[in-house]
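Right, one structure below, let's go through it.
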Amino acid sequence: MGYGSLNIIGLGPDGDQHLTLAARAALEQSTVVVGYEGYLRQLAPWLRRAFRPFPIGAERERVLAAIALARGGARVALVSSGDAGIYGLASLALETLAAQGWEAEREFPVAVLPGASALSAAAALLGAPLGHDFAVVSLSDLLTPWPVIARRLAAAAAADFVLVLYNPASRGRCTQLTEARDLLLAHRAPDTAVGVVRNAYRPEQRVLRTTLGALPLDEIDMLTTVVVGASTTRPLGPWLVTPRGYGTVQAGPVDRTPSSPSARGERDGG
Ligand code: SAH
């Protein structure tokens with residue numbers, strides 16, 4: 001049997017409207033899709049394929065199954081939500097391949113395909129909070145010791161980065177978010193702008209603008225991304241914006257003749 005292939009694919013936040021054309025094509029060319037059962041459910045409405053669903057947490061098993069299938073001749077799509085290289089399965093898959101002595105010349109092709117990460121999805125729904133330098137920290141201490149996470153949070157806060165928090169809390173883990181907030185409050189004012197986005201671009205989507213001091217701790221869970229503003233981040237109308245630093249932005253010419261929708265009192269709904 002000839003070699004198969006392994007494409008490691010980011011599904012975007014919803015596995016549908018925000019999936020790239022390249023990812024869609026790779027999924028359509030695959031013979032089997034390996035991933036967390038919840039993500040495979042997102043694909044089922046439009047992708048008729050063999051699915052290899054795995055429960056949450058079984059990351060090593062998922063990766064080993066995907067590699068074994070590719071080695072056996074299948075065209076495998078190994079999927080993560082968002083971007084597969086951002087707290088996704090890409091690093092574990094490549095480490096496992098390397099440990100198994102995989103060599104490009106001798107074996108099946110492997111590719112990592114980018115996706116829209118939760119940070120771009122959350123930022124888009126909030127406006128433009130990532131318009132200037134930002135840092136991303138996962139609050140999950142399952143794989144990283146808490147002192148390491150705390151040190152990175154403090155350093156990013158001291159350097160006045162916008163901070164994106166992934167994995168902010170889960171059922172068995174809620175103290176980290178409280179500790180993170182307290183750590184950030186040592187460097188940022190309580191009225192620092194914060195955006196909270198849950199289930200971005202999914203049917204249950206929720207978008208909240210708040211402040212660091214008023215962070216609604218018990219509404220934030222594993223399906224939520226938190227964006228903590230830098231000192232320059234500010235609410236502008238319905239948006240959160242971190243200016244790029246063009247200085248004072250001029251209004252420029254504004255057309256308020258009756259033909260413009262705003263002059264007719266219309267709203268664009270967003
Ligand atoms: N590879 C993913 C991240 C996986 S880590 C990506 O690039 O998006 C899992 C964390 O991502 C969650 O705990 C949450 O913080 C965030 N996340 C993933 N999908 C999300 C969504 N649709 N809305 C809000 N946050 C999301």
Side-chain angles (χ1 to χ4, degrees), residues 7-20 22-23 27 33-43 54-60 62-63 66 77-95 112-127 129-130 134-144 149 152-153 156 162-177 180-181 194-210 215-228 240:
N7 282 315
I8 306 165
I9 301 177
L11 297 179
D14 58 348
D16 184 11
Q17 290 297 298
H18 299 84
L19 185 73
T20 69
L27 284 164
V33 184
V34 179
Y36 164 54
E37 54 200 357
Y39 302 150
L40 300 192
R41 269 200 297 276
Q42 293 182 333
L43 301 175
F54 281 83
I56 197 149
E59 281 93 3
R60 284 175 206 279
R62 268 181 250 174
V63 162
L78 175 63
V79 302
S80 282
S81 84
D83 185 299
I86 300 180
Y87 306 114
L89 286 179
S91 46
L92 181 60
L94 300 187
E95 285 179 286
V112 183
L113 281 71
S117 188
L119 68 88
S120 0
L125 290 166
L126 289 165
L130 306 183
F134 64 93
V136 188
V137 178
S138 164
L139 296 192
S140 171
D141 59 358
L142 291 179
L143 301 172
T144 308
I149 299 173
R152 290 183 184 161
L153 281 173
V162 177
L163 250 168
V164 181
L165 304 179
Y166 277 50
N167 299 302
S170 72
R171 223 169 303 157
R173 191 173 59 75
C174 47
T175 55
Q176 285 85 351
L177 185 60
R181 180 204 54 191
V194 170
V196 177
V197 177
R198 186 168 189 272
N199 274 319
Y201 296 107
R202 297 173 186 156
E204 315 79 11
Q205 171 179 301
R206 250 191 95 233
V207 180
L208 174 75
R209 257 181 29 192
T210 178
L215 198 65
L217 295 168
D218 24 314
E219 288 173 40
I220 296 172
D221 64 7
M222 208 54 191
L223 303 170
T224 312
T225 296
V226 179
V227 181
V228 181
L240 275 190

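Numbering of ligands and ligand atoms starts at 1, following listing order.
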- Query: How close do Gly35 and Leu40 get, heavy atom to heavy atom, and via which atoms?
  - Reply: O-CD1, 3.8 Å
- Query: Would you call Arg198 and Glu219 a side-chain contact if the rule is heavy atoms closer than 4.5 Å?
  - Reply: no
- Query: side chain to side chain contact (heavy atoms under 4.5 Å, CB included) with Asp83: which residues, sequence neighbours excluded?
  - Reply: Ile86, Pro114, Ser117
- Straight-line distance of Leu165 CG to Thr224 OG1, nearest 0.5 Å: 11.0 Å
- Task: Let me know which protein residues bring a heavy atom to under 4.0 Å of ligand 1; chain then number is fine for ordering.
- Result: Pro13, Ser81, Gly82, Asp83, Ile86, Tyr87, Ser117, Ala118, Tyr166, Asn167, Pro168, Val197, Asn199, Ala200, Arg202, Met222, Leu223, Thr224, Thr225
- Do the side chain of Tyr166 and the main chain of Leu119 share a donor and acceptor less than 3.5 angstrom apart? yes
- Item | For the student: nearest non-hydrogen atoms of Leu139 and Pro168, plus distance | CD1-O, 3.8 Å
